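Scroll down for the structure; my scribbles are underneath it.
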Amino acid sequence: MRNAAAILMFAAACSGSPEEVLTCDQAVVEVAACTTLEEDGECSEASPAVRTLASGECDGKSDIIGNRVWGDACTFDFQCQASTDHTCIQGTCYRRAETGNQCDKHDDDDCARGLRCADDLSVPNGRTGLCQATSTPVRPALFAETPRQNEDREFQEHAADIMTIQMETAIKKLSGDDRIRRTFHPKKHACVVGNFEVLGGTGELQTGPVFGRPQAFPAYVRLSNGTLAIGADSGATVQGLAIKLVGVPGQKILEGSRDAVTQDFLMVNLPAIPQSNANEFMEFTKAQHKGGTAVAHYLLTHPRIALRVAPLALKKNASVRTESYWAGNASKHGNVAVKYSAVPCAGTPAATTLTGDNYLRAELAPHLAAGDVCFDMFAQKQRDAVAQSIEDASIEWKLGEAPAVRIARLTIPATALDTPATNAVEATCDALSFNPWNSAPDYRPLGNVNRSRKHAYEASRQMRGATGEPRSIP
């Protein structure tokens, strides 16, 4: 991420003339840098870059900025999935309803608002009648997922890439030894036991085996660097908070842990990730794994992602205690879609400035020894299917548009790290796998990135031989 300064070279990206003949790679770079559609301008439908990509001669190239679905940002029609009649209207991909198709069960709200019918028209609902002829763009329905074409094949490729990175990291001893570790977040700052207290009075958010009533669960809590290999904390912009509740009844989603009594929540210290979907995320991950010029090349050819990555190069994490964390994607929560977050409790002591390769653990240890460390957990309910996109992981759910409701409190009781007792707990905790799909159906992960994680995390777990789900916490 620290190579993000290379994006300063993008100022002259849209500089083609009508007479120019561009290669597919050149066209991708130029169109990706365009942010507005200007009539007769350098980013217009008549520009060389746009005409090159729209010609059909660049299969596999235009998908860097194409193959977008309901609610995704766009500039040109060809960026939206043509095979399912999507079109770009006012910067957003929509699908027009066909006259005579029936509204499906997810479309009640859309039909009531005059938006006619939306996503999956295969499940008719007689109460809302037939779709009417309209030129009004159809917005995605609330709580609706819109899978990409061929994404199952893509997810299998992601899983293979994950295992390759794990193996190469071990072979090259990039983490200091030849152990096969997690692909993401291999370095922990602490892996300890905490208490997860569910609060009452949350209305429709009061649902399922975890949040259905006020109660408390013991939990394993893992704080970690978001780098691909174990290294100095100063090089880790992204920090992670993973929570595994123990004692949660009911069947879970993953086939391999159907009867587990656990429920996982995974968050990072970014309200939205720079990449929109799993393909973009994995391409950037592979570039990071290669390092150096591979990262620079990726950012140069993905300017919109580079613009999101650039501020992260300046981010400095003083303490994992004082960071706020967000789920990378939405989750089902009963009958609504939400995005979870965790915010330091009021009264959390300010960070202590330290240096060194392991300064984040060094900063945490004395504060944790002196008293509890706690986070309040919040849920933002999806209110608008575009402003709070389920499929585009790069869209931040703004608090002003989707207020956060406090639903739980996570407390790590005062603990002295680096004692024989806590070292044993940390070894047990760190051997576990944390997976958002280790979940009750009530809290099923949503969105493209989450659907990819179902494949990728299981591949990573098997590769490193993580222990099975715990039945209790000692």
Side-chain angles (χ1 to χ4, degrees), residues 166 169-170 173 175-197 216-227 229-233 236 239-248 252 256-257 259-267 319-321 323 325 342 352 354 356-375 409-436 438 457 460-474:
Q166 282 180 285
T169 299
K173 299 183 180 181
S175 291
D177 54 37
D178 60 0
R179 286 177 53 193
I180 296 179
R181 303 175 184 267
R182 291 172 168 84
T183 304
F184 305 105
H185 297 264
K187 181 180 180 179
K188 73 177 188 308
H189 307 304
C191 208
V192 293
V193 172
N195 181 65
F196 191 88
E197 180 187 3
F217 298 93
Y220 284 109
V221 183
R222 189 174 188 270
L223 294 154
S224 59
N225 275 348
T227 49
I230 294 176
D233 293 344
Q239 299 296 315
L241 170 64
I243 306 166
K244 183 182 291 293
L245 309 186
V246 180
V248 179
K252 306 306 184 294
S257 56
D259 297 322
V261 294
T262 50
Q263 168 75 44
D264 295 357
F265 299 102
L266 277 67
M267 293 173 251
S319 171
V320 294
R321 300 176 300 104
E323 288 287 299
Y325 300 86
T352 304
L354 296 176
D357 288 352
N358 304 307
Y359 77 88
L360 289 174
R361 181 179 175 95
E363 197 281 339
L364 172 65
H367 287 281
L368 186 55
D372 298 350
V373 169
C374 81
F375 297 89
R409 170 166 287 191
L410 172 67
T411 303
I412 305 172
T415 303
L417 299 179
D418 298 316
T419 68
T422 54
N423 286 344
V425 170
E426 288 205 88
T428 299
C429 175
D430 204 40
L432 298 170
S433 64
F434 291 83
N435 185 338
N438 181 50
Y457 279 46
S460 175
R461 183 193 69 80
Q462 292 182 10
M463 176 68 80
R464 68 185 185 87
T467 58
E469 293 300 300
R471 305 294 301 182
S472 63
I473 291 181

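Note that the coordinates shown come from a computational prediction; the quantities given were computed from them, not determined experimentally. Values below: all heavy atoms of this structure, side chains included; hydrogens, waters and symmetry mates excluded.
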How many angstroms lie between CG in D372 and OG1 in T415, if you round to the nearest 0.5 Å?
8.0 Å
Using every non-hydrogen atom in the two residues, find where R321 and T352 come nearest and quote the distance to one decimal.
NH2-N, 4.4 Å
Interatomic distance, NE2@H185 vs CG@N225, rounded to 0.5 Å, equals 8.5 Å
Minimum heavy-atom separation for Y220 and C429, please, with both atom names.
CD2-CB, 3.7 Å
When rounded to the nearest 0.5 angstrom, what is the spacing between CG in N195 and SG in C374?
11.0 Å
Are Y457 and P436 packed together at the side-chain level, in the sense that at least one heavy-atom pair is separated by less than 4.5 angstrom?
yes
Any sub-3.5 Å donor-acceptor pair from K252's side-chain atoms to Q263's backbone N or O?
no
So, T262 and E469: side-chain donor and acceptor under 3.5 Å apart, yes or no?
yes
Should the pair D430-R182 be classified as a salt bridge under the 4.0 Å nitrogen-to-oxygen rule?
yes
From L241 atom CG to M267 atom CE, the distance as rounded to the nearest 0.5 Å:
5.0 Å
Checking side chain to side chain contact (heavy atoms under 4.5 Å, CB included) between L410 and each of I243, V373, L245, which is the one that passes?
I243
Looking only at non-hydrogen atoms, find the nearest pair between S224 and Q239 and report the distance.
O-OE1, 3.0 Å
Heavy-atom closest contact (V193 atom, I412 atom, distance):
O-CG2, 3.9 Å
Given 3.5 Å as the limit, does a donor-acceptor pair link the side chain of S175 with the main chain of D177, or not?
no
Please determine whether a side-chain nitrogen of the Lys or Arg among R361 and D233 lies less than 4.0 Å from a carboxylate oxygen of the Asp or Glu.
no
Are M463 and T183 side-chain neighbours, meaning at least one heavy-atom pair lies under 4.5 Å?
no
Looking only at non-hydrogen atoms, find the nearest pair between L432 and R464 and report the distance.
O-NH2, 2.7 Å
If you measure from CG on D264 to NZ on K244, what distance do you get to the nearest 0.5 Å?
3.5 Å
Least distance between heavy atoms, G240 atom then Y325 atom
C-CE2, 4.0 Å
T411 versus E197, side-chain donor and acceptor atoms under 3.5 Å
no
Could you measure the distance from the CG atom of L360 to the CD atom of E323? Nearest 0.5 Å is fine.
8.5 Å
